[in-house]
Amino acid sequence: MEDWAAIVAEVDEAIKSVASTDEGYPATIRSQSSTGGDPWEPTTSTADTTIRVIEEDRRVKSADGTYVDMTKRTLTTASKPGFVPKKSDEIAVGITASEASDSSDWLVITEVRALAPAGVAVLYEIELST
């Protein structure tokens, strides 16, 4: 039986090791959740979570194989116990949660894909709007 927690820890260390700092390249995900109120005017709160990422920009090809004038920006991160990034979240790249503020450069997450062998998320690919 695989020790998925150990594999996730190895993936996290690998992601950190390819960054320019010992702690890896940071990004902060801002999640909003409803904390009360009614459905028409809910009360919400935000939570900022620091993750470590590898960033990749890929040019997009059309069906005939030619490049189109579009780039996909994708971040790869190890899974984190108790935390799952969602399309409804926002992300600020290059800063930690302690550095984040409302005026940070928050980007829209357009897609989240999990790599989950045996149903256990090991890492996530987070696609951003460009």
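No hydrogens, no waters, no symmetry mates; every other heavy atom, side chains included, goes into these values.
One distance of note links CG of Asp48 with CZ of Arg30; it measures 4.0 Å at 0.5 Å rounding. If you take CD on Glu125 and CG on Leu75, they are separated by 10.0 Å, rounding to the nearest 0.5 Å. The CD atom of Glu111 sits 11.5 Å away from the CG atom of Leu128 when rounded to the nearest 0.5 Å. Here the NZ atom belonging to Lys72 is positioned 12.5 Å from the CG atom belonging to Asp57, to the nearest 0.5 angstrom.
Hydrophobic clustering keeps Ile51 apart from Val108 (ILVMFWY residues linked when any side-chain heavy atoms are closer than 4.5 Å, directly or through intermediates). Cluster annotation: Ile95 is not connected to Ile91 through the hydrophobic network of ILVMFWY side chains, with a link wherever side-chain heavy atoms come within less than 4.5 Å.
When the shell of 6.0 Å around CG of Asp102 is examined, it contains 12 or fewer heavy atoms from other residues, nucleotides or ligands.
Scanning both residues, Val112 and Pro85, for their nearest heavy atoms gives CG1-O, 3.6 Å. Here the closest heavy-atom approach between residue Thr74 and residue Arg113 is recorded as CG2-NH2, 4.4 Å. When every heavy atom of Glu99 is checked against every heavy atom of Gly94, the shortest pair comes out as OE1-O, 4.4 Å. Across every non-hydrogen atom of Ser31 and Asp89, the tightest pair is OG-OD1, 3.1 Å. The two residues Ala27 and Val53 come nearest to each other via the heavy atoms CB-CG1, 4.0 Å. Residues Thr49 and Lys80 approach most closely at CG2-NZ, 3.9 Å, considering heavy atoms.
The backbone N or O of Glu10 lies less than 3.5 Å from no partner atom in the side chain of Glu13, so there is not a single donor-acceptor pair. In terms of modelled atom types and a separation under 3.5 Å, the side chain of Ser79 and the main chain of Leu123 share no donor-acceptor contact. Remark: the backbone N or O of Ala97 is paired with a side-chain donor or acceptor of Thr50 at under 3.5 angstrom. Distance alone, capped at 3.5 Å, places no donor-acceptor pair between the Thr77 side chain and the Tyr124 backbone. Here the side chain of Trp106 pairs a donor or acceptor atom with the backbone of Ser101 at under 3.5 angstrom.
Residues Leu107 and Arg73 have side chains in contact (heavy-atom distance under 4.5 Å, counting atoms from C-beta outward). Side chains of Gln32 and Ser45 form no contact here, defined as non-hydrogen atoms less than 4.5 Å apart.
Considering only residues two or more places apart in sequence or on other chains, Thr44 meets the side chain to side chain donor-acceptor pair (under 3.5 Å) condition with none of them.
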